[in-house]
Amino acid sequence: MNSRDRDQSPVQLRPEILALAAYRQGKPAPDDAFKLSSNENPFEPIDAILRAISESSINRYPDGSASAVRARIAQRHGVDPRSVHVGAGSVAILAQLIQAAAGSGDEVVYAWRSFEAYPGLVTVAGATSVTVPIDETDGSHDLAAMAAAVTARTRLILVCSPNNPTGAAVSADAFADFMGTVPRNVLVVLDEAYAEFVTDPSAVSGIGLLEDYPNLVVLRTFSKAYGLAGLRFGYAIGPAYVLDAARTTAIPLSVIEPAQRAAIAALDNEELLLERVARISALRDEVWRALLEQGWSIPNPQGNFVWFATGDHTAAAAEIFLKHGIVARALGTDGLRVSIGEAESVGKLLAAAQEVVQTLPTAHARTGLD
């Protein structure tokens, strides 16, 4: 090979990365439509959060240890600040945990379909995904099958509750049974990005279980319930040594000062923000009951979204929703996830869902229709 040919050779990249589809966020909405594709909080920021952001010193680097907000989160949950880690969204912390725990030859177990970022994060770490199908009748995790999938190569298990995108929550009893069978040297990450929207009293709540399970880390975020999606702020609570390992993989100074200040302001005004969450959850339940009346078989939603298991008809269903002014999240040939947004969007959402019932075939087993 001469020097000219060598200069024109393509850069060698990891083939598994080249084969990986990049994460794509929900589509933006036209001016006359509602964007219900990204599970965003529809309420405008409160004044206290806007004031906190305005006081940021954006010409200076943020506090890399995020000591003030970590202390405030620790106080909120009654834990030691050393057991709190923050990141640019909970998904950033999840990436750090996977990289800290799993590499080439190791396995990460999770349910599928679940949060669409999981496969990519595992692949980037160089590990292997082991997926366990969700229960198609109610969209829930099959925790017994997930426990049975653990091998000597398993380093981490992801449990998403409520599950994104199906909305089903893991019960506290089922999670306790599951944790009783998982080896203590396998890290379990309970992804509770939508925990504040849960109204089912039987659902698991992970932070209160940390003392019982030394291999458990719980993820939370300020993006959904607290309406800070644009600032990217999430946190983890768990064993300090595990979170220290995650910190070593983190991009330095990635949690910006406006996000840290906004998170503290959100906690200082949590009662007001959780009143908004309660309104969204109540509207979600109204939508769910209306969909059942239309003939849909929809999992009992515990996040701020509903799931339509439209199967091979997903693309056609998404077009019907868009025609009615609703931008939904189409996930392959599995189904549509539709966020609970502005109250004014509900009529359009239900009209679109009714047209799907009336116009698409109902014989297919994956349509989710009775």
Side-chain angles (χ1 to χ4, degrees), residues 23 25-29 33-54 69 72-73 76 86-93 115-117 160-167 169 191-200 203 219-235 255-256 258-288 301-307 321 325-329 336-349:
Y23 176 83
Q25 68 181 118
K27 293 181 180 180
F34 291 93
K35 181 190 176 189
L36 303 183
S37 56
S38 296
N39 293 346
E40 294 159 326
N41 190 312
F43 291 98
E44 293 295 323
I46 61 174
D47 289 342
I49 288 177
L50 294 176
R51 286 194 300 270
I53 294 171
S54 70
V69 68
R72 187 69 178 81
I73 292 170
R76 166 67 177 81
V86 301
S90 58
V91 68
I93 302 174
F115 182 33
E116 59 190 305
C160 187
S161 180
N163 185 47
N164 177 12
T166 63
D191 186 349
E192 292 189 316
Y194 301 91
E196 292 83 2
F197 297 96
V198 173
T199 55
D200 182 354
L219 294 181
R220 295 283 183 91
T221 182
F222 278 67
S223 295
K224 314 301 181 185
Y226 299 97
L228 302 186
L231 287 174
R232 309 302 301 129
F233 187 88
Y235 64 99
V255 183
I256 61 175
Q260 296 183 37
R261 286 180 174 271
I264 292 173
L267 290 174
D268 288 344
N269 294 273
E270 188 174 32
E271 183 176 355
L272 170 60
L273 294 176
L274 291 183
E275 286 176 1
R276 294 177 165 189
V277 169
R279 289 162 63 183
I280 294 171
S281 297
L283 187 59
R284 172 204 66 201
D285 291 344
E286 291 178 17
V287 169
W288 177 55
Q302 292 297 302
N304 65 337
F305 52 89
V306 291
W307 172 245
F321 273 85
I326 299 295
V327 179
R329 187 62 174 267
L336 290 177
R337 189 194 68 200
V338 182
S339 310
I340 301 301
E342 296 84 349
E344 296 79 11
S345 70
V346 170
K348 294 177 179 291
L349 189 165

Of all heavy-atom pairs between [X] and [Y], which one has the smallest distance, and what is that distance?
X      : Y      : result
Phe222 : Ala263 : CE2-O, 3.5 Å
Val306 : Val287 : CG1-CG1, 4.5 Å
Ala262 : Leu231 : CB-CD1, 3.5 Å
Asn304 : Glu40  : ND2-O, 4.1 Å
Thr221 : Ala193 : CG2-O, 3.4 Å
Ala343 : Leu283 : CA-CD2, 4.0 Å

Is there a side-chain contact between [X] and [Y] in this structure, where contact means two heavy atoms from C-beta onward sitting under 4.5 Å apart?
X      : Y      : value
Arg261 : Ile53  : no
Asn41  : Tyr226 : no
Phe43  : Ile280 : yes
Arg72  : Asp268 : yes
Phe115 : Val91  : yes

Pair Ser223, Arg232: side-chain N/O donor-acceptor within cut-off below 3.5 Å: yes
Return yes when atom CD of Glu44 has more than 12 non-hydrogen atoms of other residues, nucleotides or ligands closer than 6.0 Å, and no otherwise. no
Assess the residue pair Val255 and Val69 against the criterion (side-chain contact (heavy atoms from CB on, under 4.5 Å)); give the C-alpha distance rounded to whole Å, side-chain angles, the decisive distance to 0.1 Å, and a yes or no. CA-CA 11 Å; Val255 183; Val69 68; over 6 Å; no
For [Y], is there any backbone N or O sitting under 3.5 Å from a side-chain donor or acceptor partner on [X]?
X      : Y      : answer
Ser339 : Leu36  : yes
Arg284 : Gly303 : yes
Asp191 : Leu219 : no
Ser54  : Arg51  : yes
Arg337 : Thr166 : no
Ser281 : Phe197 : yes
Gln302 : Asp200 : yes

Spatial distance of atom [atom1] ([X]) from atom [atom2] ([Y]) [nearest 0.5 Å]:
X      : Y      : atom1 : atom2 : answer
Asp47  : Leu272 : CG    : CG    : 10.0 Å
Lys224 : Asn164 : NZ    : CG    : 7.5 Å
Ile73  : Tyr235 : CD1   : OH    : 6.0 Å
Asn269 : Leu274 : CG    : CG    : 11.0 Å
Lys35  : Glu342 : NZ    : CD    : 11.0 Å

Would you please test Phe305 and Tyr194 for ring-ring contact (aromatic ring centres under 6.0 Å, His included) and show each step? CA-CA 10 Å; Phe305 52 89; Tyr194 301 91; 5.1 Å; yes
